[in-house]
Amino acid sequence: MHLTLPNEKHRYEMENLLRLFGVLHADGACALHISGDSAHALLTLDGRDYAHAAAVIRDANAPKLSNPIGAACITDADELALAQALGRCLLQATGRTPPWGLLTGVRPTKLFRRLVQRHGLDTTRAYFADALFVRPEKIALAEAIYRNQRAVLEETTPQSFSLYVGIPFCPTRCAYCSFVSHSITESKAQRLIPQYVEKLCEELAHTGMVAHALGLRLESVYFGGGTPTSLSAAQLDTLLTAVKTHFDLSTCREYTVEAGRPDTVTAEKFALLQSHGVGRVSVNPQTFSDAVLRTIGRAHTAQAARDAYALARQYGFAVNMDFIAGLPGDTPEGFAASIAEAIALAPENITVHALARKRAAALSQDGQSPPEDERDWQLEGVSAALTSAGYAPYYSYRQSKSLGALENTGWAKRHFASRYNIYMMEELHTVLSCGAGAVTKLKDPRGETIERVFNFKYPYEYVGRFAQILSRKDEILRFYGEIGQKN
Ligand code: SF4
């Protein structure tokens with residue numbers, strides 16, 4: 001396959017689009033050429049030229065909005081026109097429409113919301129359908145999410161912020177994992193963890209001081225990773241105490257700790273979380289099939305996930321459960337059975353992920369093949385089951401290389417939508433993040449400006465170059481100083 005583009009500028013987004021349609025592969029089966037001719041693009045696939053890719057930049061037929069691009073990856077009107085023309089060629093050549101059409105970005109629902117706020121619901125629906133080729137069921141999903149988020153959207157204030165605490169350790173590494181997460185069984189990790197906890201407490205203290213100096217208001221706290229409950233009860237106690245000491249929790253609406261791996265959960269740890277005011281935990285079975293769990297390298301059984309859930313219930317937590325569609329060895333029927341079991345258990349939140357095959361994951365490196373036909377994996381049946389059980393979709397995001405170009409969606413029972421997930425995915429307010437790999441996201445409350453401040457990715461770097469972690473917190477003060485002057 002060959003695609004000739006008018007210039008280099010649009011290469012990135014067109015590559016994303018080719019990947020979305022499944023015609024761009026790492027094996028070099030597809031090549032992109034830059035012709036330098038600003039008037040046309042040409043797609044050649046399986047020996048056929050798709051003529052109507054020509055003169056696409058001047059394609060005037062596609063619907064346009066006055067400020068149409070918003071948060072999508074597509075950067076300007078020329079690129080949108082090119083994407084639309086290439087999209088039509090790819091539809092014709094492959095006979096497929098990706099679920100989210102031409103949208104290749106992480107946050108299609110944020111784009112939907114922003115367009116609704118500017119142009120109204122009808123125009124946004126039509127734009128998603130006609131200009132971006134989004135399938136009707138995904139437009140309906142985006143609209144439902146927009147409606148279900150409204151109460152939380154209205155709560156956020158210019159002073160609002162959330163706190164993220166990153167724990168990059170897990171019991172073992174899952175085959176599909178692409179995060180920087182270290183197995184706690186390694187002796188190197190065992191040596192590192194005490195120093196990591198100590199430095200993280202220092203970072204929390206410093207960050208709390210900055211938040212206080214700026215008069216920010218804490219809305220939610222989220223311990224993620226990794227698996228925070230990989231730490232011992234004493235280490236968790238130290239960190240939760242640091243949060244309590246350095247932040248004003250009186251305004252905090254939601255406090256979540258991920259307890260994703262059932263093999264890390266104990267009554268002692270749950271009692272401790274409860275005593276520190278944690279109200280929500282995430283216990284992540286991913287599947288209720290023992291065979292699939294073995295294939296993906298999770299060192300626990302489905303029964304362990306059921307037991308961890310029952311224990312979380314004893315301590316009165318609201319519970320989220322994560323599941324992944326498309327795991328090796330699973331089938332659409334098997335996945336539907338896992339979701340049916342989750343529904344029967346009745347956690348407050350169920351999050352349905354589409355497997356993303358990231359290059360860094362063992363799954364991608366050991367040659368395990370993806371499901372034979374990704375089109376078998378539609379999530380509509382699962383969505384219907386969740387809806388009829390009283391769950392509503394409340395946030396959604398996409399990852400590259402995901403099964404069937406599908407999305408990840410959080411479902412919640414009434415009044416149990418996770419605020420942190422909405423704040424973060426819709427980029428509603430600043431998230432101050434602590435820990436290795438954590439990214440602080442600074443949001444101008446009166447505009448769309450977002451700046452990121454990155455911590456070191458690996459725990460040994462984080463511990464070893466910690467002075468830099470603290471000095472980067474000055475960026476928070478600078479950002480708020482600058483937007484204060486602007487506003
Ligand atoms: S539990 Fe999550 S972070 Fe840990 S190894 Fe598995 S996928 Fe990675």
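Just so it is clear, the values below take in all heavy atoms, side chains as well, and ignore hydrogens, waters and symmetry mates.
Atom NE2 of His276 is separated from atom CG of Asp237 by 4.0 Å, given to the nearest 0.5 angstrom. In this structure, the separation between CG on Asp290 and OG1 on Thr301 is 5.5 Å, given to the nearest 0.5 Å. One finds the CG atom of Leu102 at 12.0 Å from the CG atom of Asn16 (value rounded to the nearest 0.5 Å). Interatomic distance, NE2 of His206 versus CG of Leu432, reported as 11.0 Å (0.5 Å rounding). Rounding to the nearest 0.5 Å places CD1 of Ile296 at 6.0 Å from CD1 of Ile324. In this structure, the separation between CZ on Arg465 and CZ on Phe456 is 3.5 Å, given to the nearest 0.5 Å.
Tyr480 is listed as a side-chain neighbour of Leu216, based on a closest heavy-atom distance under 4.5 Å. With contacts defined as side-chain heavy-atom distances shorter than 4.5 Å, the pair Leu355/Asp330 does not qualify. Using a 4.5 Å heavy-atom threshold, the side chains of Leu218 and Leu163 count as touching. The closest side-chain heavy-atom distance from Val152 to Gln149 is not below 4.5 Å. Two residues are said to be in side-chain contact when any heavy atoms from C-beta on lie closer than 4.5 Å; Lys441 and Phe161 fail this criterion. Residues Leu386 and Thr409 have side chains not in contact (no heavy-atom distance under 4.5 Å, counting atoms from C-beta outward). Under the 4.5 Å side-chain criterion, counting only non-hydrogen atoms from C-beta, Lys138 is in contact with Leu406. Side-chain atoms of His212 and Asp248, non-hydrogen and from C-beta on, never get closer than 4.5 Å to each other.
Scored by the salt bridge (charged side-chain N to carboxylate O under 4.0 Å, His left out) test, Arg147 finds Glu143 as partners (sequence neighbours excluded).
Using the six-membered ring where Trp is involved, Phe466 and Tyr462 have ring planes that are perpendicular, over 60° apart on the 30 and 60° scheme. The aromatic rings of Phe335 and Phe323 stand perpendicular to each other, their planes meeting at an angle above 60°, with 30° marking the opposite boundary.
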Next on the checklist: Could you walk me through whether Leu141 and Trp100 satisfy the side chain to side chain contact (heavy atoms under 4.5 Å, CB included) test, starting with their C-alpha distance in whole Å, then the side-chain angles of each, then the deciding distance to 0.1 Å, before giving a yes or no?
Outcome noted: CA-CA 11 Å; Leu141 177 66; Trp100 289 94; 4.0 Å; yes
Item to check | Test log, rule side chain to side chain contact (heavy atoms under 4.5 Å, CB included), inputs Ile167 and Leu236 | outcome: CA-CA 10 Å; Ile167 311 293; Leu236 282 171; 6.0 Å; no
Item to check | From CA spacing to verdict: side chain to side chain contact (heavy atoms under 4.5 Å, CB included), Thr430, Ser160 | outcome: CA-CA 7 Å; Thr430 286; Ser160 292; over 6 Å; no
Next on the checklist: For a side-chain hydrogen bond (donor to acceptor under 3.5 Å, both in side chains) check, start with the C-alpha distance between Glu254 and Tyr222, then their side-chain angles and the critical distance, and finish with the verdict.
Outcome noted: CA-CA 8 Å; Glu254 183 182 272; Tyr222 194 97; over 6 Å; no
Next on the checklist: Quick one, Tyr176 with Arg298, criterion side chain to side chain contact (heavy atoms under 4.5 Å, CB included). Give me CA distance, side-chain angles, the key distance, then yes/no.
Outcome noted: CA-CA 10 Å; Tyr176 54 84; Arg298 304 265 291 194; 3.3 Å; yes
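Between the side chain of Tyr309 and the backbone N or O of Leu345, at least one donor-acceptor pair lies under 3.5 Å. No donor-acceptor pair closer than 3.5 Å links the side chain of Thr251 to the backbone N or O of Glu219. Put simply, the side chain of Ser230 gets close to the backbone of Phe169: a donor and an acceptor are under 3.5 Å apart. In this structure, the side chain of Asn349 engages the main chain of Phe416 through a donor-acceptor pair within 3.5 Å. Checked by atom type and distance alone, the side chain of Ser433 pairs as donor or acceptor with a backbone atom of Val439 at under 3.5 Å. At distances below 3.5 Å, not a single donor-acceptor pair connects side-chain atoms of Asn284 with backbone N or O atoms of Gln286. In this structure, Ser396 contributes its side chain and Asn408 its backbone to a donor-acceptor pair below 3.5 Å. Judged by distance alone, with hydrogens and angles left aside, the side-chain atoms of Asn148 form a donor-acceptor pair with the main-chain N or O of Pro393 at under 3.5 Å.
Listed here is the closest heavy atom pair of Arg398 and Ala405: NH2-O, 3.6 Å. Counting all heavy atoms, side chain and backbone alike, Thr229 lies closest to Gly260 at OG1-N, 4.5 Å. The two residues Gln399 and Ala354 make their nearest non-hydrogen contact at OE1-O, 4.3 Å. Minimum heavy-atom separation, Val319 to Pro347: O-CB, 3.4 Å. The two residues Ala412 and Tyr394 come nearest to each other via the heavy atoms CB-CD2, 3.6 Å. Between Leu192 and Tyr460, the shortest heavy-atom distance links the atoms CD2-N, 3.7 Å.
For CD of Gln468, the number of neighbouring non-hydrogen atoms (other residues, nucleotides, ligands) closer than 6.0 Å is greater than 12.
Under 3.5 Å, the side chains of Thr238 and Thr241 contain no donor-acceptor pair of N or O atoms. Arg114 and Gln117 are not linked by any side-chain donor-acceptor pair at a separation below 3.5 angstrom, with hydrogens and angles left out of the test. At a cut-off of 3.5 Å, with distance as the only test, a side-chain donor of Ser162 or His429 sits close to an acceptor on the other residue. A donor-acceptor contact closer than 3.5 angstrom links the side chains of Asn320 and Thr351.
Each of Arg472, Arg478, Lys443 was compared with Glu451 under the salt bridge (Lys or Arg N to Asp or Glu O under 4.0 Å) criterion, and only Arg478 meets it. Among the candidates Glu154, Glu426, Glu155, the single residue satisfying the salt bridge (Lys or Arg N to Asp or Glu O under 4.0 Å) test with Arg419 is Glu155.
A salt bridge links Arg452 to Glu427: one of the charged nitrogens lies within less than 4.0 Å of a carboxylate oxygen. Of the charged side-chain nitrogens involved, none lies within less than 4.0 Å of a carboxylate oxygen, so that Glu348 and Arg280 do not count as a salt-bridged pair.
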